[in-house]
Amino acid sequence: AEQQEKANKMVEEMKDFKVEPSKEMQDFMDEAKKSMVYFSSSRKEATKNSSVIGGGKIEENQETVLLVFISHSMSQSLIRDTLLEAKKYKATVVLRGLKNDDFKETLVFLKKIITEVNYGVSIDPESFKEYNVMQVPSFVLSDGENFDKMSGNVSLHYFLEEVLSK
């Protein structure tokens, strides 16, 4: 969260004063964009970013969102499979934070998977709190007021079938 705040502050300062970013800062921002990893300060921003990368677009007034929560503790093969399924359903994939609080380590961990699947993730600790996510993977379908959640070793497809059969 501290790194995110620092990066956001630097970007805002550059905008306010029409200052060109340093080469190091520009490289950092470019690498983040290429890697499809997004820092998000709100669920709406997170869902917008991931969905655009995945091919779908969440409209500003759309309240229903489908979220998939993952962690660096999951195996790379499970993360890959989860991203593939999230892409199919245009779900937003959310990480709580950086791997070992290090952006570069996070990119190294995720870059191959994200590039292979061509689908991004959002780093959004607030959504983990908002939906009380304590276990991954977790799936949330929210209409803005109410939500359904399921955690554990189940597929996104199974979660959606269960929710829709209620």
Side-chain angles (χ1 to χ4, degrees), residues 1-5 8 32-103 105-166:
E2 186 177 311
Q3 287 179 329
Q4 176 184 351
E5 287 176 26
N8 288 342
K33 287 176 192 172
K34 283 191 284 185
S35 300
M36 297 183 207
V37 175
Y38 297 93
F39 295 95
S40 302
S41 57
S42 69
R43 175 176 51 88
K44 190 173 223 168
E45 183 181 323
T47 55
K48 185 174 117 185
N49 285 336
S50 286
S51 295
V52 169
I53 291 299
K57 183 168 183 185
I58 292 193
E59 301 300 325
E60 289 297 318
N61 60 357
Q62 184 177 351
E63 289 296 324
T64 302
V65 293
L66 179 58
L67 304 170
V68 178
F69 294 87
I70 64 171
S71 168
H72 306 288
S73 66
M74 294 167 55
S75 71
Q76 288 197 335
S77 62
L78 181 54
I79 291 173
R80 181 189 169 280
D81 292 346
T82 303
L83 280 173
L84 282 169
E85 195 171 29
K87 182 178 180 178
K88 178 179 175 181
Y89 290 99
K90 296 185 174 87
T92 298
V93 181
V94 184
L95 277 167
R96 182 186 314 267
L98 300 175
K99 185 173 178 76
N100 298 321
D101 290 326
D102 186 284
F103 184 76
E105 190 173 341
T106 304
L107 288 180
V108 169
F109 181 77
L110 292 173
K111 189 172 185 172
K112 181 180 177 192
I113 301 167
I114 289 172
T115 303
E116 180 183 328
V117 175
N118 194 29
Y119 202 67
V121 301
S122 290
I123 298 174
D124 182 13
E126 293 304 312
S127 287
F128 273 80
K129 291 177 192 169
E130 181 178 352
Y131 297 108
N132 194 30
V133 174
M134 306 303 271
Q135 179 183 348
V136 292
S138 286
F139 308 98
V140 171
L141 183 63
S142 172
D143 65 6
E145 291 182 27
N146 302 300
F147 66 91
D148 291 290
K149 178 175 82 172
M150 185 180 289
S151 299
N153 193 16
V154 298
S155 68
L156 178 54
H157 179 82
Y158 177 80
F159 165 69
L160 291 171
E161 282 184 336
E162 289 297 306
V163 169
L164 296 175
S165 69
K166 283 184 174 183

Partners meeting salt bridge (charged side-chain N to carboxylate O under 4.0 Å, His left out) with Arg80 (sequence neighbours left out)
Glu116
Please evaluate residues Leu95 and Leu110 with respect to the criterion side-chain contact (heavy atoms from CB on, under 4.5 Å), reporting the C-alpha separation (whole Å), side-chain torsions for both, the decisive distance (0.1 Å), and the verdict.
CA-CA 11 Å; Leu95 277 167; Leu110 292 173; 3.5 Å; yes
Would you say Asp143 has more than 12 foreign heavy atoms packed within less than 6.0 Å of its CG?
yes
Within this structure, what is the CD1-CG distance for the pair Ile113 and Asn118, rounded to the nearest 0.5 Å?
14.0 Å
What one should report as the nearest heavy-atom pair of Ile114 and Gly120 is CG2-CA, 4.4 Å
Is there a donor-acceptor pair under 3.5 Å between the side chain of Ser71 and the backbone N or O of Ser73?
yes
How long is the span from the CD1 atom in Ile70 to the CG atom in Leu78, to the nearest 0.5 Å?
8.5 Å
Drop me the distance from Ile123's CD1 to Phe128's CZ, to the nearest 0.5 angstrom.
10.5 Å
Hey, what's the ring geometry for Tyr131 with Phe147, parallel, tilted or perpendicular (30° and 60° as the breaks)?
perpendicular
Going by side chain to side chain contact (heavy atoms under 4.5 Å, CB included), Leu66 matches just one of Val140, Thr92, Leu160. Which one?
Leu160
Separation between CG (Leu141) and OG1 (Thr64), nearest 0.5 Å, reads 6.5 Å
Between Lys166 and Asp148, the two heavy atoms sitting closest are NZ-OD1, 2.5 Å
For the atom pair CG (Leu156) and CG (Leu84), what is the distance rounded to the nearest 0.5 Å?
12.0 Å
Taking the side chain from Ser138 and the backbone from Gln135, do they hold a donor-acceptor pair closer than 3.5 Å?
yes
Over all heavy atoms of both residues, which pair between Met150 and Phe159 is shortest? Give the atoms and the distance, please.
CB-CD1, 3.4 Å
Should Met74 and Pro137 count as side-chain neighbours, where that means a heavy-atom distance under 4.5 Å?
yes
Minimal non-hydrogen separation, Val133 against Arg96, with atom names
O-NH2, 3.5 Å
In plain terms, say whether Glu85 and Lys88 are close enough for a salt bridge, that is, a side-chain N and a carboxylate O under 4.0 Å apart.
no
Distance in Å, Tyr89 OH paired with Phe139 CZ, rounded so as to fall on 0.5 Å steps
11.0 Å
Under 6.0 Å from the ring centre and within 45 degrees of the ring axis: does the NZ or CZ of Lys99 meet both conditions for the six-membered ring of Phe109?
yes
Under 3.5 Å, side chain of His72 to main-chain N/O of Gly97, donor-acceptor pair present?
yes
Would you indicate whether the side-chain heavy atoms of Leu83 and Val121 approach each other to under 4.5 Å?
yes
Expected output: side-chain Lys149 to main-chain Asn132 donor-acceptor under 3.5 Å
yes
